[in-house]
There are 2 protein chains.
Amino acid sequence: MNAEKKEIVYRKSKQKTRILEILRSTKSHPTADWIYEKLKPEMPALSLGTVYRNLNILLEQGEILRLDFGHTFDRFDGDTSRHYHFMCEKCGEVSDLELPPLNILDKKVFNLCGHKIKYHKIVFYGICKNCLQNS
Amino acid sequence: MNAEKKEIVYRKSKQKTRILEILRSTKSHPTADWIYEKLKPEMPALSLGTVYRNLNILLEQGEILRLDFGHTFDRFDGDTSRHYHFMCEKCGEVSDLELPPLNILDKKVFNLCGHKIKYHKIVFYGICKNCLQNS
DNA sequence: GTAATTGCAAATAATTTGCTGGGTG
DNA sequence: CACCCAGCAAATTATTTGCAATTAC
């Protein structure tokens, strides 16, 4: 395991360029499908697979962000009290944090932009204590 | 639209009870499949569909939490600078927030539990300014 | 007895991947 | 001319749903 990644030299393509342009020009945090529909008129031959492939390349290059939990499956929590989570990027473990709830943030955001905030979620990412020791 | 929800009176079942017990007894934030595998030995006839159905019922009853982005598809962001997000529960829009990054939190969490924190994400949920006005 | 719940299997839905041919460096 | 990239379709994966039988209240 931990095989060294083959260094891929990415090339330009009209599709990749347009996808990035579209993402840069909107504040709407689109889905892959939305980008596909947006691009289809000017590139009738475009396929959804190409959009996904390019999004992953752009992600890897750090040109864009993906807004999700990282893992593809939902996780459930039997503890419904307000608390935050940490996910270890190495072992994938999700753990609860003792950090007290920061209710002030909700008010701050309301004052800033006028949205009515019901609650918020915070997830910290990094390497857990265990993985730090075993490496 | 906006049809009034038929009020369902949930009944007890061994499956639902055990699923909740398992969730309450672990801190590992399991996936649906993990719960299914855990329960299978004592309930050989159990099906994965039942696990999913009960998790959704428990969610609706507020007995458990789901850790994810709510929507099932990824959204992408062309802005890679550190910023937080807001999602409107009514119209589904995701927008950027002007709230400055709270780097102190990463140190706080490290001091608290010893995990090495690389970064964190915050998502606020509620009703956006627009939806507030149009209702 | 009414209607929620189950197991099973088939259906969805988002995303990934194999293949073949075309285009970039 | 090597090898990355596109388009297409088929495969994967997590989750949902239809159905008939079962069970809770």
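Each chain gets a letter, A, B and so on, in the order the sequences are listed, and its residues count up from 1. Note: hydrogens, waters and symmetry copies are ignored here, and every other heavy atom, side chains too, is used.
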Completion exercise
In numerical order, the residues of residues 37-46 of chain A whose heavy atoms come under 4.0 Å of DNA chain C are none

Completion exercise
Per the under-4.0 Å heavy-atom filter, residues of residues 11-21 of chain A near DNA chain C come out as A:Arg11, A:Lys12

Can you list, pair by pair, the side-chain donor-acceptor contacts under 3.5 Å of residues 15-23 of chain B, counting residues two or more places apart and other chains?
unit_1	atom_1	unit_2	atom_2	d
B:Lys16	NZ	B:Arg11	O	2.8
B:Thr17	OG1	B:Ser13	O	2.9
B:Arg18	NE	B:Glu42	OE2	2.7
B:Arg18	NH1	B:Glu21	OE1	2.5
B:Arg18	NH2	B:Glu42	OE1	3.0
B:Arg18	NH2	B:Glu42	OE2	3.4

Let me confirm one number: the [atom1]-[atom2] distance from [X] to [Y], rounded to the nearest 0.5 Å.
X	Y	atom1	atom2	value
B:Leu97	B:Tyr84	CG	OH	10.0 Å
B:Ile57	B:Glu63	CD1	CD	11.5 Å
A:Lys40	A:Ser47	NZ	OG	8.0 Å
B:Ile117	A:Ile127	CD1	CD1	9.5 Å

Exercise for the section: Scan B:Asp33 against the nucleic acid and name what it touches under 4.0 Å (heavy atoms): base, sugar-phosphate only, or nothing. Expected result: nothing

Exercise for the section: State which residues pass side-chain contact (heavy atoms from CB on, under 4.5 Å) with B:Asp96; sequence neighbours excluded, sorted by chain then number. Expected result: A:His29, B:Asp77, B:Asp79, B:His83, B:His85

Taking the side chain as every heavy atom from C-beta outward, state whether [X] and [Y] have any atom pair closer than 4.5 Å.
X	Y	result
B:Ile122	B:Leu102	yes
B:Ile35	B:Leu55	yes
A:His115	B:Phe124	no

For [X] and [N], what is the distance between atoms [atom1] and [atom2] respectively, to the nearest whole Å?
X	N	atom1	atom2	answer
A:Asn56	C:dT15	CG	C1'	9 Å
A:Leu58	C:dT15	CG	P	15 Å
B:Leu48	C:dC8	CG	C1'	12 Å
B:Glu7	C:dA4	CD	C1'	14 Å
A:Gln61	D:dC4	CD	P	13 Å
A:Tyr36	C:dA14	OH	P	14 Å
B:Ile57	D:dT15	CD1	P	16 Å
B:Leu55	D:dT15	CG	P	9 Å

Exercise for the section: Please state whether the phosphate of D:dC5, meaning OP1 or OP2, lies under 4.0 angstrom from any side-chain nitrogen or oxygen of A:Asn54. Expected result: no

Practice task
Kindly point out which of C:dC8, C:dA4, D:dC4 is positioned nearest to the side chain of B:Ile8?
Solution key: C:dA4

Exercise for the section: Of all the heavy-atom pairs spanning A:Leu112 and B:Leu99, show the shortest one and how long it is. Expected result: CD2-N, 3.4 Å

Problem - Residues that B:Asp106 engages under side chain to side chain donor-acceptor pair (under 3.5 Å), provided they are two or more places apart - result: B:His120

Look for any protein N or O under 3.5 Å of an N or O in nucleotides 17-21 of chain D and output each such pair with its distance, or none.
unit_1	atom_1	unit_2	atom_2	d
D:dG18	O6	B:Arg53	NH1	3.3

